[in-house]
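Everything on this sheet refers to the single structure shown next.
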Amino acid sequence: MENRITRKEENFSQWYIDVILKAKLADYAPVKGCMVIRPNGYILWENIQKNLDRMFKESGHVNAYFPLLIPESFIQKESEHMEGFSPECAVVTYGGGKKLKEPLIVRPTSETMIWSMYARWITSYRDLPLLINQWCNIVRWELRPRLFLRTSEFLWQEGHTAHETYEEADKEALKMLGIYKKFVEEYMAIPVYKGQKSDSERFAGALQTYTIEALMQDGKALQAGTSHNLGQNFARAFNVKFATREGGEDYVWATSWGVSTRLIGALIMAHGDNKGIIIPPKLASLIAVIIPIYYSAKERSRVLSYIQSLYLNLKNDFNVKIDDREEYRPSYKFNEWELQGIPLRIEVGPKDVEKKQAILVRRDTGKKIILPFNEVSLRFSTLLNEIQKNLFEKAKRFKEENTFKVDNLDDFQKVIDDKGGFIYAHWCGSPECEAKIKSLTKATIRCIPFHNEKEEGKCIYCGGKSSQRVLFAKAY
RNA sequence: CGGGGCGUAGCGCAGUCUGGCAGCGCACUUGCUUUGGGAGCAAGGGGUCGUGAGUUCAAAUCUCACCGCCCCGACCA
């Protein structure tokens, strides 16, 4: 009866921490704000990387690596960018035992480093588009860290592309956002809203920031991925000009886009339950665990040899593991693998050997399915697809049931206080109203959704004219 | 940076008020019995009581200072 995690309903934050620590996804590091990503957590990141990397490459991007340390003067070249990032920068001032002539910034993001290099590589429209991605770590000093969601160092991917025109850059930014949405929905089984950030929520130095927003089970929104149309701001700052097709000269148009290990936090909070995390099959490395049950030594060998042949039927197509540890009882193993979110469990005891069958148990629903031996491998894919689909559908239903249309500030406040979730409300477009709503309710504009229906209405705060609703929520 | 809480075995805690042998549960090790939803018994190992100073015959306990961590808020992927 030990090793229990705090119930989700009781204290969601504590539940989140308990799940991460007990499922061995991560642990606190000796330095405040830093975390160790343990093998169970890292393999999730590896699977995120593997799939996204393939999608990036299929869309024409290539990987490279840029340095961790950036000269301080680079950050200062784009004023909006500097204002946005300097408060959270870590700075290296000593090297080789001597004070450095110019301090070095530990990258909070690589726009400046990358554009300083693009200046050397781009001279003509023939060099464009340039489509580079890098997988790396970055440092942003955090005052209030939270495992996976906000740590001072985290892992991410940052794409940086260079284009001939505004339109082409904008198309790229939207395309990458589409890839993020596809990945997050299809692989992570987390439904998202896609849209554009308001000016106050925009990336420092961008013309436009696009975002996908997911809803966590506690009713708070989480930004799951962003892409930016950077216009010519960085090209100007780093003097990146190219010879145009027309024989003229112009600054290059830029985009950047990223997702981070924060996605693992999203996964935990979107699907997890009081037993632990739930990994969607398409993101899981270990798909199923086979657990033997026996009472005597004789049964033990019969059960184990039966399991061996079951395993051989599956192992070529699926990553399946036999948990034949003798120091733990089956019930202990059930709980342990459920905590770690493995999509399927296969139980085999003497009765099953007798009847030439196996019991499959779904992690998502807990339902038991008894299958004849021969059908186990045949039904496996279908079952995994059903789990994947169910997780997405369940999360989608939750998101839809927790998206509310609201027409006045009182109702707005009520929804935020009572249940949270997304609020679809009219806004006049002014940053002042946005800020007021934020300070009153703690909710921010998550995005101005794409494909928004035009609808005449009144700003929920000032009553001014509004032509569309935007999505509000309390956010991580 | 503000508010709250906590630092005692790997983890969770009691002991602190009222100073007097450093304890409990889990985990770990060994053995036996067990095994279809977190097994039982027996034996065993493990401590800079966050750090430093002070008071005292005697400090986990009292005093002062410091450090660290977590939670809640303002900033953020």
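Throughout, a chain's letter reflects where its sequence line sits, starting with A, and its residues are numbered from 1.
- For rG37(B), the base has a donor-acceptor partner in the side chain of E338(A) [N/O atoms by modelled type, under 3.5 angstrom].
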Show each protein N/O and nucleotides 74-77 of chain B N/O combination with a separation under 3.5 Å, one pair to a line.
{"unit_1": "rC76(B)", "atom_1": "N3", "unit_2": "R150(A)", "atom_2": "NH1", "d": "3.4"}
{"unit_1": "rA77(B)", "atom_1": "O3'", "unit_2": "Q223(A)", "atom_2": "NE2", "d": "2.4"}
{"unit_1": "rA77(B)", "atom_1": "O2'", "unit_2": "R262(A)", "atom_2": "NE", "d": "3.0"}
{"unit_1": "rA77(B)", "atom_1": "O2'", "unit_2": "R262(A)", "atom_2": "NH1", "d": "2.1"}
{"unit_1": "rA77(B)", "atom_1": "O2'", "unit_2": "R262(A)", "atom_2": "NH2", "d": "3.3"}
{"unit_1": "rA77(B)", "atom_1": "N6", "unit_2": "T151(A)", "atom_2": "N", "d": "2.9"}
{"unit_1": "rA77(B)", "atom_1": "N6", "unit_2": "T151(A)", "atom_2": "O", "d": "2.7"}
{"unit_1": "rA77(B)", "atom_1": "N1", "unit_2": "L149(A)", "atom_2": "O", "d": "3.3"}
{"unit_1": "rA77(B)", "atom_1": "N3", "unit_2": "S260(A)", "atom_2": "OG", "d": "3.1"}

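- The residue N11(A) sits apart from the nucleic acid: no heavy atom pair falls under 4.0 Å.
- One atom, CD of E347(A), and another, P of rU35(B), lie 16 Å apart when rounded to the nearest Å.
- In this structure, K298(A) places its NZ atom 16 Å from P of rU35(B), rounding to the nearest Å.
- When Watson-Crick and G-U wobble pairs are counted only if both distances are under 3.5 Å, rC41(B) pairs with rG31(B).
- Taking the P atoms as reference points, rA58(B) lies 15 Å from rA53(B), given to the whole Å.
- Within the nucleic acid shown, G349(A) comes within 4.0 Å of at least one base atom, counting heavy atoms only.
- Whole-Å rounding puts the I307(A) CD1 to rG36(B) C1' distance at 12 Å.
- Atom CD in Q14(A) sits roughly 20 Å away from atom P in rG4(B) (whole-Å rounding).
- The only member of K181(A), K197(A), K194(A), K474(A) that meets salt bridge (Lys or Arg N to Asp or Glu O under 4.0 Å) when paired with E213(A) is K197(A).
- When the P atom of rG36(B) is taken as reference, atom CD1 of I293(A) falls 7 Å away, rounded to whole Å.
- For F450(A) and Y210(A), the ring centers are positioned less than 6.0 Å apart.
- When the P atom is compared between rC24(B) and rC69(B), the two are found 31 Å apart, to the nearest whole Å.
- With sequence neighbours left out, the side chain to side chain donor-acceptor pair (under 3.5 Å) criterion links W135(A) to D53(A).
- Look at the C1' atom in both rU8(B) and rG23(B): the space between them is 10 Å, to the nearest Å.
- Pairing for rG47(B) is absent, with no Watson-Crick or G-U wobble pair whose two atom distances lie under 3.5 Å.
- Counted by atom type alone, E172(A) and T255(A) present zero donor-acceptor pairs between their side chains at under 3.5 Å.
- As judged by a 4.0 angstrom heavy-atom cut-off over every strand, E336(A) is placed among the base-contacting residues.
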What nitrogen or oxygen pairs link the protein and nucleotides 67-69 of chain B at under 3.5 Å?
{"unit_1": "rC69(B)", "atom_1": "OP1", "unit_2": "K32(A)", "atom_2": "N", "d": "3.4"}

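- Across the strands present, rC69(B) finds its partner in rG5(B); the criterion is a Watson-Crick or G-U wobble pair with both atom distances under 3.5 angstrom.
- When side chains are defined from C-beta on, F74(A) counts as touching F238(A), because their heavy atoms get closer than 4.5 Å.
- Checked by atom type, the side-chain pair E9(A)/N274(A) shows a donor-acceptor distance below 3.5 Å.
- A sub-4.0 Å separation between OP1 or OP2 of rG36(B) and a side-chain N or O of S331(A) is present.
- A parallel orientation is assigned to the rings of Y332(A) and Y328(A), their planes being inclined by less than 30° (bins at 30° and 60°).
- In this structure, the nucleotide among rU35(B), rC72(B), rG37(B) sitting nearest to the side chain of K275(A) is rG37(B).
- Considering L304(A), I293(A), L310(A) in turn, L310(A) is the only one that fulfils the side-chain contact (heavy atoms from CB on, under 4.5 Å) rule with V348(A).
- Residue contacts shown for I359(A) include a base, since a base heavy atom lies under 4.0 Å away.
- A donor-acceptor contact closer than 3.5 angstrom links the side chains of D18(A) and T6(A).
- Using a 3.5 Å distance cut-off with no hydrogens or angles, the side chains of R446(A) and T444(A) do pair a donor with an acceptor.
- On the P atoms, rU48(B) is 22 Å away from rG44(B), given to the nearest whole Å.
- Neither side chain, T441(A) nor Q413(A), offers a donor N or O lying under 3.5 Å from an acceptor on the other.
- F183(A) and Y187(A) have parallel rings, their planes meeting at less than 30° on a 0 to 90° scale where 60° marks the start of perpendicular.
- Using atom P as the reference point in both rA59(B) and rA74(B), the two lie 47 Å apart (nearest Å).
- Atoms CD (E327(A)) and C1' (rG31(B)) sit 15 Å apart, rounded to a whole Å.
- Base contact: P350(A) has a heavy atom under 4.0 Å from a base atom.
- Evaluation of the salt bridge (charged side-chain N to carboxylate O under 4.0 Å, His left out) rule for E336(A) yields R325(A) as partners, not counting sequence neighbours.
- Checking rA74(B) for Watson-Crick or G-U wobble geometry (two distances, each under 3.5 Å) identifies no partner in any strand.
- Using cut-offs of 30° and 60° for the angle between ring planes, the F203(A) and H228(A) rings count as parallel.
- Distance check on atom C1': rG36(B) versus rG73(B) gives 49 Å, rounded to whole Å.
- Using Watson-Crick or G-U wobble geometry with both donor-acceptor distances under 3.5 Å, rA60(B) finds no partner in any strand shown.
- Annotation: side-chain hydrogen bond (donor to acceptor under 3.5 Å, both in side chains) contacts involving residues 75-92 of chain A, sequence neighbours excluded, comprise E80(A)-R202(A).
- Side-chain atoms of R345(A) and base atoms of rG37(B) include a donor and an acceptor less than 3.5 Å apart.
- rG31(B) and rG15(B) are spaced 38 Å apart, taking the P atom of each and rounding to whole Å.
- The 5' end of RNA chain B is approached more closely, in terms of each residue's nearest nucleotide, by E326(A) than by the other of N335(A) and E326(A).
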Identify the pairs formed between an N or O of the protein and an N or O of nucleotides 40-42 of chain B at a distance under 3.5 Å, and give each distance.
none

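- Nucleotides rG7(B) and rA14(B) are separated by 15 Å at their C1' atoms, to the nearest Å.
- In this structure, L304(A) places its CG atom 16 Å from P of rU35(B), rounding to the nearest Å.
- A 3.5 Å limit on both hydrogen-bonding distances identifies rG12(B) as the Watson-Crick or G-U partner of rC24(B).
- Residue Y295(A) contributes atom OH, which lies 18 Å from atom P of rU33(B) at whole-angstrom precision.
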